[in-house]
Amino acid sequence: MSWDRVLPSAATVLLAGALTTIAYGRGVIALVAGGAALLSLLAARSLRRRPSTDAEWPDTDWSAAAQSSSPAVEPKRGSVTAALAPVEARELLLSPWFATGIGFCVLFGAIAAGSFERSWWVSAGLMPLLVHPLCGMTIVAVHRNVSRARRDGTDELYEACPTESTRRYGAHLLAGVVPVVIAAVYVLATLVAAGIVLDNIYGPIDRRVVADAVLAGLLLPAGAVALGALLGRRFAFALVPFVAIALVALLNLEFWDDVAAGRGWLASGLTSDGPDLIYYDPPLAGRLFWFLGLAVTVAGLALATGRSSRGAAAATIGIVVAVIGVVVTVRPLSDSTADRLSAYIIDPGRYETCHELATDIKVCALEPYADHGTNLAQRMAPVAAAIPDDVLETPLTLRLLVGEDLDLLPDDVQDRIEPTPIPPGVVALPFGHHDGSLDEARFILAATAVGLPTGDNAPRNVLVDGQARGVVLLWLATAGSGIQDALQMLEPDPYNPSSPSGQGDVWPGDCQADVQWSPQDVTAARAVVVLDRNSVAETVTRDWGRWLDPSTPTDELLVALDLDPVGPHDAIEPLGSTC
Amino acid sequence: MMSTIVVRGVDKRFGSTVAVDGVDLEVGPGVTGLLGPNGAGKTTLMRMLATVAAPDHGEVTVFGHDPATTAGRLAIRRRLGYQPQEPGFHGHFSCFQFVDYVAILKEWTSRRERHDEVRRVLGLVGLGDVSNRRISRLSGGMKRRLAIAQVLIGSPDLLILDEPTAGLDPEQRLRFRELLGSAAPGATVLLSTHQTDDVSALCSRVIVLLDGQVRFDGSPAELAARAEGRVWLADARDPMARLGWVGGDGRWRNIGDPPAGTDTVAPTIEDGYLVLTGADTLTEAAADE
């Protein structure tokens, strides 16, 4: 049995099962299927034929032996490396470690593509992170290929051939075109799937950020190939690539969460969860220079020998390029850029387009996110229309705002901003684009209409258990939806515990419930949304102040609507953040 | 005729162990056998001639090229076929893939010509029918033949074979002799082995190494002649014999200084080798057999 091939398969199956569990809650099925596949693999390997006994030396046309074969003529420069590269590419493609990397990437991509909900800037910025499983496993696979001769004891035989070992290492580097192409296709496919097919990414398709994502997706696996080759040449020990991966991960941890100072862009994968990258002026070219410089440096070191200075020259050039990349990446913002970015926050009205949803209600988005604003307007308009006239104390503007993350902005931008509370009449909307985020915007508008502050305007987890206004909120939030869609929106979050608090959590989004209900309130709302909306609207509008009074119980509203009371409600606790 | 290999005063040490000690020799076309007990320095000498190890002192030239220089090594390797004592393989490669890979390393860059050559050498060693079989599924003898196949790529002018017949059964050894005789006409073949009958059958010249030094350099007949008058048969082990063993006919073959009046028999190359290397090596050599 070759553990070299079995272990990656087992790891793939286990991780795939775990991730599927997290993502879809069907992990048991995945694990059973994966376990079955693993057992099949083991069984198939054990049933393979044993090595054959020594066969007789077959009859051979010995006269042919005397025929002189044409010895190879002196090859053209680079032709040996070019001839070796397809062999190494084949070995890379057949490597179970490499296949494991591709498998993880596809898995992560499938999960990420479906759950992206942010701008093209952010989504494209995260793309290099998604190729990391491929890069990590590429390091392992290339290391094993490069150290193959030493491991299998063929190095002495190869050494006696006229091809210098550096050409073999060159072939390994050349074979790196395989992961590079795979990564490029993968990044493009994931971006296209998430942004165009699934329509999960908002904002204009900025060629600059897409090019950055694709080029970073090319350079990272190229660097991984170079690192694998370098380690395989210098350190044949099998655990070395894993140690290297751990070190790279530690470096990334050092860089991450420092996007504002530019250092975050030096990480091989960006994980910023702060304000949208539009507020950072991403140093894309600098980052690409940094990646390119590192890849060239490591490749040069992989080829360097005591006799030839080419590898050392390449490494030197790589270091220069990398240093240029660092300088460009961490350089301070120019005054004009800092002014422009801070102006987005200080005076967004100058840079945004707005949609009137109803009298005194509008939704606004910065110009780069105009299409997101349009989507929000379409989804929120029925809710705005359902809000009775003259119930809002002030005109309402719903707006995409940076919110609480001002301290994550570059210092030069922060210096230009005076922290100020969100003014009255302005409600912050989330930077999200999937259905959950759009539904959340509807809930935010409905909550605001019934006098419940949300999001950045107020504390989280406002409890409305047993209160009629909570049911009114849910009725408003489902305005414009069909009955089935409305009932679907009132399904509790499946990831929450089956406690009363969890059963009453119907606030959209995965992390935070701004408002919480009791299970009885949700039951009541589900009964209300199937009634004729006009008759409900008449009842609700007629006694708007009564229903919004926190002391008005849910059952009172139900009776007014000729529905059966739901009875005493369960006590609920704030859920906090579930992220 | 110019010698293919010229070795002058070559030393090689591994720590305090002297592997090769002041060796001088010249080797020309034809098959030359290298005999010697384990640890005599055969493999070290062959590795130096194959350009994979450097001598500590002395000079080595192969085809007139100095392996100490990059250009010299390249020129030598382009005319060299080398089988290490313990040739490794990539178990997941097929026979064809492995030989093809070595062929690329031997600068056969034209795909079509290379594949023709790979098929040719696999056919020569009788592995043509299993060329697509993974090496991990080959028997030990088949692996030996695969190692020989890669040596034959391009019909090299110099073949350095370190114990090529180890692990081969008698018939395979016979076929190997036939192959070597026909596949490398005019080439220089340096063959290391413990099989004295291989030397008898194949070599026009034999060199015996002992303790890193050349103790004999001559024809197989001359090596056998070293035991002339020192081998006799008897019904029991003669107390006068330094060595003795029972032959297939039940009689003892004694080697040493025969008692007066004893009729001696014609010695073999093995007898000569044993006389040369002394009694201490007999047990070792016999064990290797």
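Per chain, numbering begins at 1; letters A, B, ... match sequence-line order. Note that these values count all heavy atoms, side chains included, but never hydrogens, waters or copies made by symmetry.
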Chemist: Which residue pairs satisfy the ring-ring contact (aromatic ring centres under 6.0 Å, His included) criterion with at least one member in residues 115-157 of chain B, sequence neighbours excluded?
Modeler: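 Applying ring-ring contact (aromatic ring centres under 6.0 Å, His included) to every pair that reaches into residues 115-157 of chain B, excluding sequence neighbours, yields B:Phe96-B:His115.
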Chemist: Can you tell me how far apart OG (A:Ser79) and CD (B:Glu107) are? Round to the nearest 0.5 Å.
Modeler: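 Taking OG in A:Ser79 and CD in B:Glu107, the distance rounds to 7.5 Å.
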Chemist: Pick one of side chain, backbone, both or neither for B:Phe89, based on which atoms fall under 4.5 Å of a heavy atom in chain A.
Modeler: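 B:Phe89 touches chain A through backbone heavy atoms alone.
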Chemist: For chain B, find which of A:Val87, A:Leu84, A:Asp155 contributes the most heavy-atom pairs closer than 4.5 angstrom.
Modeler: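 Most heavy-atom pairs under 4.5 Å with chain B: A:Leu84.
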Chemist: Do A:Arg148's NZ or CZ and the ring of B:Phe98 fall within the cation-pi criteria of under 6.0 Å and 45°?
Modeler: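 Checked: cation-pi criterion not met.
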Chemist: Answer with side chain, backbone, both or neither: which region of B:Leu105 has an atom nearer than 4.5 Å to a non-hydrogen atom of chain A?
Modeler: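 For B:Leu105, the contact with chain A is made by backbone and side chain together.
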Chemist: Atom OG1 of A:Thr154 and atom CD of B:Glu86: how far apart are they, to the nearest 0.5 Å?
Modeler: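 A:Thr154 atom OG1 to B:Glu86 atom CD measures 13.5 Å (nearest 0.5 Å).
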Chemist: Tell me, out of B:Arg111, B:Gln97, B:Arg114, who's got the most heavy-atom pairs with chain A below 4.5 Å.
Modeler: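 Most heavy-atom pairs within the cutoff with chain A belong to B:Gln97.
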Chemist: Rounded at 0.5 Å granularity, tell me how far CZ in B:Arg73 sits from CD in A:Glu164.
Modeler: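 It comes to 8.0 Å.
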Chemist: Measuring from atom CD of A:Glu156 to atom CD of B:Gln85, what distance do you get when rounded to the nearest 0.5 angstrom?
Modeler: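 Reported to 0.5 Å precision, the distance equals 9.0 Å.
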Chemist: Would you check, one step at a time, whether the test side chain to side chain contact (heavy atoms under 4.5 Å, CB included) holds for B:Arg77 with A:Cys161?
Modeler: CA-CA 5 Å; B:Arg77 288 170 178 174; A:Cys161 294; 5.9 Å; no
Chemist: What's the separation between atom OH in B:Tyr82 and atom CD in A:Glu159, rounded to the nearest 0.5 Å?
Modeler: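 Those atoms lie 11.0 Å apart.
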Chemist: If I measure from the heavy atoms of chain B, does A:Arg90 come under 4.5 Å with its side chain, its backbone, both, or neither?
Modeler: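 Side chain only.
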Chemist: Tell me the ring-ring contact (aromatic ring centres under 6.0 Å, His included) pairs involving residues 144-169 of chain A, sequence neighbours left out?
Modeler: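 Listed by first then second residue: A:Tyr158-B:His90, A:Tyr158-B:Tyr101.
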Chemist: Heavy-atom pairs under 4.5 Å with chain A - which of B:Gly88, B:Ala75, B:Ala50 has more of them than the others?
Modeler: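 Among B:Gly88, B:Ala75, B:Ala50, the one with the most close pairs to chain A is B:Gly88.
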